[in-house]
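In what follows, a single structure is set out as structure tokens and then discussed.
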Amino acid sequence: MGTESPNRPNYPIRPAGTPFAAQQSTTPFLSSGPVAGSEASAFRPAHPASSQFPTPPFSAGPLVGSEAPAFRPPPSSRSNEPVRPPPSSSSYGPPTSGFQRFPTPPVPSTGQVPPPRPSFTGQPVVPPPTRPPPGPVFSQPQPPSVPMGSPPQSIKTGQPNMNTPLSADQHFFPSRPNAQPSSPPMGPSYATARGTFQPSFPGYAKSQSSSVAQAPPMQPASFPLQQGSYAPPAPPTPFLAQQGGYVPGPPISTPSGLYSGNQMQQRGIAPPLATSQALAEDFSSLSLGSVPGSFDAGLDTAALPRPLDGDVEPKSFAEMYPMNCSSRYLRLTTSAIPNSQSLASRWHLPIGAVVCPLAEAPAGEEVPIVNFATTGIIRCRRCRTYVNPYVSFTDNGRKWRCNICSLLNDVPSEYFAHLDASGRRVDLEQRPELVKGSVEFIAPAEYMVRPPMPPLYFFLIDVSISAVQSGMLEVMAQTIKSCLDSLPGYPRTQIGFITYDSTIHFYNMKPQMMVISDLDDIFVPLPDDLLVNLSESRTVVETFLDSLPSMFQENMNVESAFGPALKAAFMVMSQLGGKLLIFQNSLPSLGVGRLRLRGDDNRVYGTDKEHTLRAPEDPFYKQMAADLTKYQIAVNIYAFSDKYTDIASLGTLAKYTGGQVYYYPSFRSSIHKDKLRHELTRDLTRETAWEAVMRIRCGKGVRFTTYHGNFMLRSTDLLALPAVDCDKAYAAQLSLEETLLTTQTVYFQVALLRIRVHTAAAPVVADLGEMYRLADTGAIVSLFSRLAIEKTLSSKLEDARNAIQLRIVKALREYRNLYAVQHRLSGRMIYPESLKFLPLYGLALCKSTPLRGGYADAQLDERCAAAYTMMALPVKNLLKLLYPNLVRLDDCLLKISPQTEEFDISKRLPLTAESLDTRGLYILDDGFRFVIWFGRSISPDITRNLLGEDFATDYSKVSLSQRDNEMSRKLMRILDKYRESDPSYFQLCHLVRQGEQPREGFFLLTSLVEDQVGGANGYADWMLLLFRQFHCPDDSTDRELMLWSSENVEANNSCSSAHQMHGDFKFINFKSLEAKVRYGR
Amino acid sequence: MVKLTVVARVTDGLPLAEGLDDGRDMPDADFYKQQAKALFKNLSRGQNQPSRMSIETGPYIFHYIIEGHVCYLTMCDRAYPKKLSFQYLEDIKNEFERVYGNQIETAARPYAFIKFDTFMQKTKKLYQDTRTQRNISKLNDELYEVHQIMTRNVQEVLGVGEKLDQVSQMSSRLTSESRVYAEKAKDLNRQALIRKWAPVAVVLGVVFLLLWVRKKFW
């Protein structure tokens, strides 16, 4: 303990070195029971899977029930906690336990610890702030009802467990003036303040004095580093470190009016006290004007934080644990795991992880492959954890301790290596699995249920009239033909086709075609010959694909016997498993699985039945999905219709089989040809892991409870993935099982059975501020979007949006309470640096296709297709979809220079109509499409060069193609470059001219998330709304507020703080409410 | 008719290739696959060395050839001519050695040569029907002294290992129990001694006591 620097997180860099004293419990690691070896013998008939069907659709099985709490309202006592040190923290109280991080004991209380307090209270020098000090923060229930601002009192309430003698206050008083001015002049006086501080904490004295003695060697190094701006390197003491953050804070006394202008995002404004580290960077704040009600003028939209650099992965975490797997594969919503349930409940955002097990690695960072051959893979006996960099070897290398369940395992003799003086294995260099967070083990025979099956691609093709007329059939056949060479698994690859309209057509590649018209009792003619080996029957397959479009040229059939055809395909494929690609053009109308037209009834919207439209209607689809998964068949749906096809039902097949939904509304081969070709090609040729199962193990005390994404749960925590590839991500939520975590670190291990293993470690913290500091907005947004989409399946869109909003508000409010003391007075919104984009992404999420608006704002099918897509999207793609890139192009196009590399295509603009100049040419890229926007007064040269002579015509009919001039070539190069950087989907190019309605509205304006569109808020309004909301100090006001709000109040009240619409009304409410709050108390 | 074909390395029992849709219409295919695996395990332990053998199991019969550290195993109906089975294995063996002969020792992944299944598939079809001219002529050939190949029961084969285990277990139990017996015997011996001499000692003691008392008081 002595050597720890008090102001650094002292997470062990190599935990192997530090024995975890705390975990001696021998209770088996939770999941080990069902887990043990079950991955190996995994192909058990999926009883659990099928049994979960009656349950609601998403995130199947027993977990469904536990999803609801994800959105639950926080305990009502929440807002009290920050003021009083939470009871739990007092139990850590005396920092005697060896592993307790030094600064922690004071920390829970330091958020409200005395020093900042006096600065408010006995403030003689500074003019009183606009609002009397006993603002909402102080008004939170304090045990004795003493006049606010009496220092002794506040000290007592701040640290009830410290028993601070009153004399301590006298020490505080001198410190007050020091705290007030902004940092530079403070140096000397600060030192004196510090001097007085030290004796003033008898409660601390014992523990800290020891560290004071020992800390100095470390401090000079770390201290200036953090306190950058704070000039005088005062003599290091733990107090200094803690106070430091407080000191450089903004002049608290400054009436917020001073800030009311444009001083947004004050980075340097440190929180009063608290986490003792890197405080200057910790959070930002946003001034929202001083006087409630008049803030409209006070908000400068230009200064709002925007993720113009795209997704920024948290770096600090990777530096802390260099052996963690890359954030490509695993991202935690916060890299600091709360150590108690009370702490977890105060963090209102989801705690969990987003996993993308097969993410594409850039060249040079490929996952190393490890072969244990005859030794067998080294795993923990009890919890079946794979050997990883965080296991520790003891007993001179004869034993290893599992980092997850801390069981001592024997090292097999073949794997034995001596330890050097520092306890590291001497052969570390040759063992990638002990150095790298991500490794791929070669699965020995015991891990295989059956020998690897040949990759099977089966195509189920709708050949009814619309498929032929739209040209889909032709494009698809051509694409498949061009992909035959690059299908994985040569020379074993198997391929097969079924087409259907009102009858089902089988092809045995002799070539013969068999037609079955009995849809009620479907059977498979020639069961052996419907699948052919591609390399052997190559010519036949090619001939077939060539003739397929012409075969149905004259087909006038409008029916679709989708269900029976699906059953037939299932029968054919059940031996081998594989990938089933379904090309569906119309609503299934015949036989089993027939679907009816729904969703065009706008009266359903806004009622309690609204959600049923987004859920699958016929249980047939879920049942089929369960059977398909059981036989290792993954389904990808390609839907093309311009009419309603009930994607909600069809998508179920993809959802539970780990597949994907592609939706091309109103497919026309002239327009969508490239998109279908690219996406089908990628689907057919990307690297795919077959018959995989995935499990996420984590350390004792925490457990993954709910999973979100496209998969089937085989047991409580085993995800069945018939086919998995780099474009799929899965999210999981974590819950704490024990009230108090005693370990210092929690480890996570993602194991995808084929076998790829990702390991990561995360520190356990006792401090909320730390959780905020290590939060990862990308992962949070990803989890949020999945939760919200799942919520739309069981409730109204409105509710889902409100749930997002409420959780953001609660999280920010909690954060504000943590650091509130001074800042609330200045009428500013404060938020952690790590979460600065969260409000914006939350807004974008509310405006995303699955969640936006009501009946008229998006086609039902589009909504469902987008929802299915977003459920599987990796973090980076999701963020880009939510906040697309907007880049101005005309400048760089006009600069005629041969070097393409010169132009700066990374300069992103805020997504608001104000960014658009009528003389400009802009491109909007959300990863799924490009929208090229031509300003009204754009130079005709550009238009002519890009579009040719007919540039004045309707842009919906013009397609962008390369023309014989430099500008056009350049634009094409830019587009290609964008496409290369994001190959998961093909970005089809839409041209839009300014003012061309409704196309402009449809393509571009809905994507400008910062603008006020329809009934939804703009960014500035949204921020104000959030600000207003979290400004109401406690739940009673919350409730009050809801009564005041214009929206209907639900029974589970705190779930609907719905004042999203009706901007003006809202402000009035807030204003009067504010008045009530202020003067009422 | 061939039901199952597996190629495995003898040295460690690593499966190298397996016929693809084997056991498609067998309800208990898994059970027999397990048996085949157990056989390989046995082989890798160095038991059952004869290079050609047939092993009966239920309604089926395993045939295997071991050559060049590779075991080619197939499972057929009992009624299927033994001669044809071995012909089939021979065909597979020749092709396998030709294609993968030099990579066998270095194979690390299980089912490293799974691509071989296409050949097995094709060969299997040739042997499907025993009445084709080709197969009849093969039956008539006297290429192999098939009837000399030993036929045993699967329980017997798989049981050998178990029995050995049992014997060693029994002998170890015998050792430990005889040790216990020896200890007990020693103990008993001592008790017998005590029982024999204790009364005498007691009587003598009493007598001496009496004598002493008498001497003292009288």
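All of these numbers come straight from a predicted model, not from anything done at the bench. Chain A is the first sequence line, chain B the second, and so forth, proteins listed ahead of strands; every chain is numbered from 1.
Looking at A:Pro444, only its backbone comes within 4.5 Å of chain B, counting heavy atoms on both sides. For chain A, no part of B:Asp30 is nearby; none of its heavy atoms comes within less than 4.5 Å.
Note: A:Met453 CE to B:Tyr111 OH = 8.5 Å, rounded to the nearest 0.5 Å.
Counting heavy-atom neighbours within 6.0 Å of B:Lys93 NZ, excluding the residue itself, gives a total above 12. More than 12 heavy atoms of other shown residues, nucleotides or ligands fall within 6.0 angstrom of atom CD in A:Gln430. Residue-environment remark: OH (A:Tyr490) stays at or below the threshold of 12 foreign heavy atoms within 6.0 Å. Environment of CD in A:Glu429: sparse, with no more than 12 heavy atoms of neighbouring residues, nucleotides or ligands closer than 6.0 Å. By the neighbour-count criterion of 12 heavy atoms within 6.0 Å, atom CZ of B:Arg109 is sparsely surrounded, having that number or fewer from other residues, nucleotides or ligands.
Ranked by heavy-atom pairs under 4.5 Å with chain B, the first of A:Pro452, A:Pro491, A:Pro451 is A:Pro451. Counting heavy-atom pairs under 4.5 Å between each of B:Asp117, B:Leu14, B:Asp12 and chain A puts B:Asp117 at the top.
Residues A:Ala443 and B:Pro110 approach most closely at O-CG, 3.0 Å, considering heavy atoms.
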Show your reasoning for whether side-chain contact (heavy atoms from CB on, under 4.5 Å) applies to B:Lys122 and A:Glu536. CA-CA 11 Å; B:Lys122 271 183 256 168; A:Glu536 288 165 10; 3.5 Å; yes
